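Notes follow once the structure below has been shown.
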2 protein chains.
Amino acid sequence: MPKVKPQRIAETRPAKAPQPPVPATRRGELRRAALIDAARDIFLEQGFARASIDEVVQRVGGSKASVYQYFGSKEGLFGEMIAHQCQQLIDSAEFPGRGGAPGSDVEQVLLQFARRVVQLFLAPARIAMHRAMIAEAERFPELAERFYEAGPKRGLALLSAYLRSQHEAGTLDCPKPEWSAIQFMNLVRTYPMFRALHGMQPMPDGEDLDEFLQHAVRLFLDGCRIKR
Amino acid sequence: MPKVKPQRIAETRPAKAPQPPVPATRRGELRRAALIDAARDIFLEQGFARASIDEVVQRVGGSKASVYQYFGSKEGLFGEMIAHQCQQLIDSAEFPGRGGAPGSDVEQVLLQFARRVVQLFLAPARIAMHRAMIAEAERFPELAERFYEAGPKRGLALLSAYLRSQHEAGTLDCPKPEWSAIQFMNLVRTYPMFRALHGMQPMPDGEDLDEFLQHAVRLFLDGCRIKR
DNA sequence: GTGTTAATGTACTGAACGTTACAGTTCATT
DNA sequence: AATGAACTGTAACGTTCAGTACATTAACAC
């Protein structure tokens, strides 16, 4: 006896899963988490379009039914995976301390910050995620925004707060800290990230990279008319 | 820090079509060109994986047989399309004049350059191409490199030549023109391009954007210790 | 015109994939 | 232990799509 078909899908996209995406049992939670983990690997390795749900399921040994129970669709799975990654990003990415000790050298603080930023942005997982987000930005605009806010925006906020404090303390001449933060990030991050996104070999390694960062910091500080 | 790629990675990929990709008749040439045009639209709209050859063929009214005669495979078509775009890029993208008139204001020259760069890099077709290249960088490393050389590298070369000439003329203190060129480009290009690649709305429009560019140029010149 | 080669249109194949149905299994609670 | 709900495995459906076979048509040389 065939059950009543819920086939009356409206022309407009349902968008949000009508299924309850929250598992009610422990095993369910584990399966859900495992699926997200596997999805991350597959999606970030192959991109959304090329990735197949079968491969995700094979990797965790579960079954496709679970995917559709928890996530409703391939896009739903992708979205949850990205959201999960964003949360991890927020939890894991601590930047150098707030304003820095008052006595510490601004150039050193910024250099440390630059190193940390590059280290974060060049992590292979981060690059893969960046790639996936750029590739699918038009299909998932809300995810792109989420990613931006979980990642780059937090770094910018921290940095501009620091710059503002230094400006008010008279250590830097930095009347537009938000813009200056953007410019600092651009100086520091773009070149290696650009190469990484385009898969260009070789990546700038430790020594060269650090020299590049020092150069960038110095340029930035000259522009802010540091008083040493 | 532009490090030269030291050696070519062993190529397991067959890559080159065994078919003769050159049409011998006039109609063939036209068909081939039309296919590349349509392929550009479809691929840049949908990305490599989601694009379908049938759609490309439908758009020009031809048939799949031609695609496989001229390009051998979907990847072949994609590659030829990208190469064609790169050539167009080279042909079309003239930057502000070589060294600039000796008497002209450096700040104005750089600002003009910045405007031109942003205009070029933010063109929707360019953004779409960038997206496609980033998404498929791992599958088509040689194309990514070609794209880089047809696009960004040329701008960098022009700019660093200009910076070097100004350094030698004593107008700028710019002992490492290649690095400085990279940094200038990073300052000028990154922020709007980043937003565009991530599909974020709204894009910075005329007035704000120009103010941003002026800010960037000024920061750069302060760093180069311009003598006015 | 006639013959030869290149190019095209049609129709198909085989495989991959997203999605669903359903029956069997495990879990949580009483 | 019992029971109903949550969960999972199997297998299929319908579709899409890259790639191919082949017959037809256009282009060109003579």
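In what follows, chains are A, B, ... by sequence order, proteins preceding strands, each numbered from 1. Since this is a predicted model, take the numbers as computed values, not measurements.
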Roughly how many Å is it from [atom1] in [X] to [atom2] in [N], rounded to a whole number?
X	N	atom1	atom2	answer
B/F71	C/dA7	CZ	P	12 Å
A/L77	C/dG18	CG	P	10 Å
B/E29	C/dA6	CD	C1'	13 Å

Restricting to side-chain contact (heavy atoms from CB on, under 4.5 Å), what partner residues turn up for [X], sequence neighbours left out?
X	value
B/S73	B/E75
A/P177	A/S160, A/L163, A/R164
B/E149	B/E145, B/K153

Short side-chain N/O contact from B/Y68 to OP1 or OP2 of D/dG19, under 4.0 Å: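 Yes, within the criterion.
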Just to verify, what does B/R195 make a salt bridge (charged side-chain N to carboxylate O under 4.0 Å, His left out) with, not counting sequence neighbours? none
Counterpart residues, salt bridge (charged side-chain N to carboxylate O under 4.0 Å, His left out), relative to B/E55 (two or more places apart): none
Residues in side-chain hydrogen bond (donor to acceptor under 3.5 Å, both in side chains) contact with [X], at least two apart in sequence or another chain:
X	answer
B/R115	B/D210
A/E136	B/R50
A/R131	B/E138
A/R59	none

Report the end-to-end axis angle of the helix from C/dG1-D/dC30 to C/dT30-D/dA1; each axis comes from five terminal pairs, and the value is rounded to 10°.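 End-to-end axis angle: 20°.
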Output one line per pair: protein atom, nucleotide atom from nucleotides 8-12 of chain D, and distance, for all N/O pairs under 3.5 Å.
from: D/dT8; atom 1: OP2; to: A/S66; atom 2: OG; distance (Å): 3.0
from: D/dG9; atom 1: OP1; to: A/G61; atom 2: O; distance (Å): 3.4
from: D/dG9; atom 1: OP2; to: A/G62; atom 2: O; distance (Å): 3.1
from: D/dG9; atom 1: OP2; to: A/S63; atom 2: N; distance (Å): 2.9
from: D/dG9; atom 1: N7; to: A/S63; atom 2: OG; distance (Å): 3.0

What residues 40-58 of chain B contributes to the DNA chain C interface at heavy-atom separation below 4.0 Å is none
d(A/L110 CG, A/L187 CG) to nearest 0.5 Å is 11.0 Å
